[in-house]
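Below: one structure, written as structure tokens.
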Amino acid sequence: MHILLVSNYPPPYEGGIQFVLGQLYDRCVRLGHRATIVASDTGIPKNPTRTLVGVPASNWLEQHSIPFPLFDPLRLIRALNRLLPETDAVHVHGLLYMSSLFAAIMARRRGIPVVLTEHVGMVDYHQPVLNLIQRIAFHTLGRLCVRAADAVVVLNERVYGEMQPLIRRGTPLLKVPNGVDTALFYPPTTDERPRLRAKWGFAKPTILFVGRLVKKKGIDLVVAAARLAPEWDFAICGKDTELLETDLPNVRVIGKVDQPTLRELYGAADVFLLPSEGEGFPLSVQEALACALPVVVSDDPTNREYLDETVAAFAARQPEAISAAIRSIIGDEDHRAAMSAAAYAWALAHFDWEVTVQKYLELYQG
């Protein structure tokens with residue numbers, strides 16, 4: 001079977017959608033299928049092991065934390081016309097991207113099965129005009145994309161509710177969690193953890209943040225929590241985080257790192273912190289759990305869908321609440337050790353990529 005995977009950016013662009021795309025590609029190919037990725041060509045380095053068709057696009061909106069490349073429509077249509085005749089299933093990621101909309105409509109006209117995964121749903125940009133534009137786009141262009149799909153997949157109940165008014169009657173609407181690659185992310189051994197802490201200079205209790213430098217990730221709350229707790233160190237890494245300006249001596253900005261390095265940081269840290277909002281379910285949380293790292297996350301329904309208090313502390317998006325949640329873990333080593341053991345078991349039980357890929361293959365073939 002030839003599967004066309006369509007997205008805004010290609011892997012290895014840093015972001016949850018791109019990581020999921022790469023995992024789906026690699027695992028489908030490993031199972032004997034053929035796959036092709038269609039995404040914007042904005043100068044991102046390509047992975048030579050994957051078949052990628054890059055379409056020229058302008059990327060100026062990314063400067064405003066809006067990951068929305070503006071494709072050259074004629075080049076996009078030409079690329080899809082060339083690929084669709086030899087395609088058995090199309091899997092589009094994100095209902096508002098030009099690539100998703102064009103691919104879904106063109107594939108449906110040819111009778112090719114279309115699966116849509118909406119990873120995030122509505123994002124609160126904290127700007128009324130942007131939020132209004134987004135809502136209008138969801139109920140116009142987004143509706144067209146959703147109605148061209150033969151199956152729609154979401155990550156949580158919030159996005160499930162947002163998709164229900166847009167979907168065609170009778171179209172399956174499913175909740176399928178993303179997986180975590182436990183071959184890449186796994187706990188440090190007893191001997192390895194002190195070596196990693198020494199390598200990274202983690203002498204004090206260290207709280208790790210992993211995410212892009214965008215408002216919804218809550219990096220401002222991380223810095224504010226660090227200001228309240230000078231006895232802890234805070235390590236920050238992710239795309240564009242090197243641009244973060246702070247004069248706090250207990251905040252260390254590491255910047256963008258590769259996955260093996262990220263696994264080291266998870267293994268060396270004491271607590272993972274992500275006070276984000278408006279997400280599907282962040283892959284970084286799953287990676288931290290797979291590395292046996294207790295997590296502190298925003299107290300919202302999405303996080304509570306996937307986690308409980310045995311592996312996570314839930315905090316309101318306020319510096320004082322975040323600091324208190326961290327202290328509840330770091331202040332009790334037995335509790336932290338119990339959460340650490342539970343975190344790894346939780347990742348294995350709930351976030352299995354093999355199960356996720358099989359569900360998608362069933363949708364493609366169905």
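Residue numbers count from 1 along this sequence. Basis for what follows: all heavy atoms, side chains included, without hydrogens, waters or symmetry-related copies.
For residues 128-172, the set of pairs meeting the ring-ring contact (aromatic ring centres under 6.0 Å, His included) definition, not counting sequence neighbours, is empty. Applying the side-chain hydrogen bond (donor to acceptor under 3.5 Å, both in side chains) definition to pairs two or more places apart or across chains, those involving residues 250-269 are E192-R263, K199-E264, W200-E264, D258-T261, Y266-E287. Sorted by first then second residue, the side-chain hydrogen bond (donor to acceptor under 3.5 Å, both in side chains) pairs that include residues 73-88, not counting sequence neighbours, are R34-E86, N81-R110.
Contact check on E277 versus K215 returns no salt bridge, with no Lys/Arg side-chain nitrogen under 4.0 Å from an Asp/Glu carboxylate oxygen. With respect to R317 and D299, no salt bridge is recorded, no charged nitrogen being found less than 4.0 Å from a carboxylate O. Salt bridge status for D300 with R158: absent, with no side-chain N to carboxylate O gap under 4.0 Å.
I136 shares a hydrophobic cluster with L132; the chain of contacts runs through ILVMFWY side chains whose heavy atoms sit under 4.5 Å apart. Clustering of Ile, Leu, Val, Met, Phe, Trp and Tyr side chains at separations under 4.5 Å leaves L74 isolated, with no partner residue. Residue Y344 is found in a hydrophobic cluster whose other members, listed by chain and number, are L348; membership requires side-chain heavy atoms under 4.5 Å apart, directly or through intermediates. Cluster partners of L196: none. The rule joins Ile, Leu, Val, Met, Phe, Trp and Tyr whenever side-chain heavy atoms lie under 4.5 Å apart, and it links nothing here.
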>> Would I330 and W232 count as a side chain to side chain contact (heavy atoms under 4.5 Å, CB included) here? Give the steps.
In response: CA-CA 10 Å; I330 289 182; W232 305 329; 4.1 Å; yes

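Residues passing the ring-ring contact (aromatic ring centres under 6.0 Å, His included) test with F19, sequence neighbours excluded: none. Qualifying side-chain hydrogen bond (donor to acceptor under 3.5 Å, both in side chains) partners for E231, counting only residues two or more places apart in sequence or in other chains: R327. Q365 is linked by a side-chain hydrogen bond (donor to acceptor under 3.5 Å, both in side chains) to nothing, counting only residues two or more places apart in sequence or in another chain. Evaluation of the side-chain hydrogen bond (donor to acceptor under 3.5 Å, both in side chains) rule for R143 yields no partner, not counting sequence neighbours. Looking at residues two or more places apart in sequence or on another chain, you find a side-chain hydrogen bond (donor to acceptor under 3.5 Å, both in side chains) between H2 and T36.
Residues Y9 and N59 bring a donor and an acceptor atom of their side chains to less than 3.5 Å of each other. When only modelled atom types and interatomic distance are considered, T117 and Y360 share a side-chain donor-acceptor pair under 3.5 Å. There is a side-chain donor-acceptor pair under 3.5 Å between N8 and Q18.
Between M98 and L76, the shortest heavy-atom contact is O-CD2, 3.8 Å. F314 and D308 make their closest contact through CE1-C, 3.9 Å (heavy atoms, listed as atom of the first residue, atom of the second, distance).
Although no hydrogens or angles enter the test, the distance criterion places a donor-acceptor pair under 3.5 Å between the side chain of S100 and the main chain of H93.
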